[in-house]
Amino acid sequence: MSNPSSPATPALPKVGFVSLGCPKALVDSEQILTQLRAEGYDTAKSYDGADLVIVNTCGFIDAAVQESLDAIGEALNENGKVIVTGCLGAKKDADGDDIIQKIHPKVLEVTGPHAVGEVMQAVHKHLPKPHEPFIDLLPPQGVKLTPKHFAYLKISEGCNHRCSFCIIPSMRGDLVSRPIADVMLEAENLFKAGVKELLVISQDTSAYGVDVKFRTGFWNGKPIKTHMTQLEGALGELAKQYGAWVRLHYVYPYPHVDQIIPMMAEGLVLPYLDVPLQHAHPDVLKRMKRPASGEKNIERIQAWRAMCPDITIRSTFIAGFPGETEAEFEYLLDFLKEAEIDRLGCFSYSPVEGATANEIANPVPEEVREERRARVMQLQEEISKKRLQAKVGKTLRVLIDDVDRNGGTGRTYSDAPEIDGVVYVKPPFEPHRKLAVGQFVDVRITAADAHDLWGAAE
Ligand code: SF4
């Protein structure tokens with residue numbers, strides 16, 4: 001019961017949040033939400049319950065730009081007070097004007113990506129922060145948008161490469177690695193808060209520390225280099241203490257990546273390597289200006305599989321890149337047949353505004369791009385079916401993401417959330433044992449298709 005003589009607690013200013021885009025943008029959203037909560041702002045679940053709305057945008061491909069512009073328009077109509085952040089915020093049109101300000105002049109402020117400080121300044125200006133010491137309390141792991149049992153850990157921002165199809169460096173700048181102690185502390189807080197799977201992300205995970213010349217930092221009183229292999233080793237050890245998984249994304253096939261394969265074989269980090277190769281033909285890779293394009297990828301993949309036979313390799317490819325000949329495309333198909341990549345995404349080339357690849361001679365017509373993408377996916381369907389079929393009869397550890405009356409859905413080490421397949425799990429036979437979200441269970445695999453597995457909990 002409340003004390004009638006105590007002063008009423010002032011209502012907290014409420015901020016609505018719309019988060020669009022990739023996992024890296026999601027981490028930006030989490031950092032902004034963390035800061036808002038740290039400063040005593042509340043979050044609103046609807047436009048009309050919010051005093052102000054922040055829209056975190058994506059500007060990577062034209063469809064994402066349109067989705068972001070629509071989201072801003074909706075927030076303006078429904079609420080009226082809108083701050084925009086994210087990749088689209090940094091984008092200009094052909095006349096050099098800010099796209100957002102031109103289309104939605106009523107937006108209060110616009111920032112680029114990775115701009116927590118600037119967004120907070122804009123929030124302070126348009127929705128001054130409350131002075132209430134007790135509302136500054138915040139869980140140390142921050143505010144997460146992912147379910148409680150998995151989380152993304154961003155280790156760096158920006159990129160030193162200049163792939164000709166990509167405008168991320170022009171929006172996010174050169175590589176800036178986070179201090180290794182900050183990364184480790186965040187990982188520890190996440191594990192303490194119950195995270196069972198940590199997904200390491202960045203634009204180029206294998207380049208971690210290049211910008212600071214692999215500076216030595218300290219964690220738990222011990223020196224540790226700002227270097228991918230040392231970070232993964234330390235994260236793996238930490239994860240072991242909490243019985244959790246560490247998964248690596250966006251790893252380019254530089255020679256030092258070979259050093260983490262034994263860590264995968266040992267079980268320190270998941271034997272899952274997300275290597276965005278984008279193509280196989282050396283001339284196309286040169287036109288793409290891809291990092292590590294001179295590496296002999298087929299040999300690398302074979303060597304990784306020899307070191308760690310259970311490794312799952314995930315990659316993405318672009319079909320119909322400007323100038324791609326039928327022979328170059330068939331070279332890619334031959335590579336895919338030989339490499340038998342476990343998890344594969346393929347996009348038809350999308351001429352993103354501002355990308356230098358758009359100036360390359362002999363662009364591939366849209367229908368050919370689409371047709372080539374379909375051919376890659378058709379081939380991959382067969383490869384994936386065969387590789388998943390080989391898992392039938394095995395018992396695999398599964399992290400449960402969802403439960404329902406029929407059992408649950410989870411993922412093995414081979415499946416990253418959102419982008420890979422799932423395992424449909426029948427619950428254990430004993431009626432007292434129920435599946436729970438965030439729980440690891442051993443599942444006997446009984447069936448497979450080209451994407452997913454089915455099995456029964458043991
Ligand atoms: S490595 Fe290439 S594709 Fe990836 S962010 Fe950097 S420039 Fe873009």
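Model, not experiment: these values are computed from the prediction. Both ligands and their constituent atoms are indexed starting at 1 by order of listing.
Judged purely by distance below 3.5 Å, without hydrogens or angles, the side chains of S164 and T356 never pair a donor atom with an acceptor atom. Between the side chains of K391 and S414, a donor-acceptor pair is found at a separation under 3.5 Å.
Less than 6.0 angstrom separates the ring centroid of Y349 from the ring centroid of F321. Checked against the 6.0 Å centroid criterion, the rings of W245 and F440 qualify as a close aromatic pair.
For the side-chain hydrogen bond (donor to acceptor under 3.5 Å, both in side chains) test, residues two or more places apart in sequence or in another chain that qualify with E340 are K386, R387.
Shown are the protein N/O/S atoms under 2.8 Å from atom 6 (Fe) of ligand 1, given by residue and atom: C159 SG.
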**OP:** Mind running side-chain hydrogen bond (donor to acceptor under 3.5 Å, both in side chains) on S19 and S29 for me, showing each step along the way?
**Re:** CA-CA 6 Å; S19 183; S29 296; 2.7 Å; yes
**OP:** Verify side-chain hydrogen bond (donor to acceptor under 3.5 Å, both in side chains) between H279 and E324, making sure each step is shown before the conclusion.
**Re:** CA-CA 10 Å; H279 212 278; E324 184 189 63; 2.6 Å; yes
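Set against the non-hydrogen atoms of R290, the atoms of ligand 1 under 4.0 Å away are 2 (Fe), 3 (S).
Of the heavy atoms in Y250, none comes closer than 4.0 Å to ligand 1.
Of all protein heavy atoms, the one closest to atom 4 (Fe) of ligand 1 is Y252 OH, 3.2 Å.
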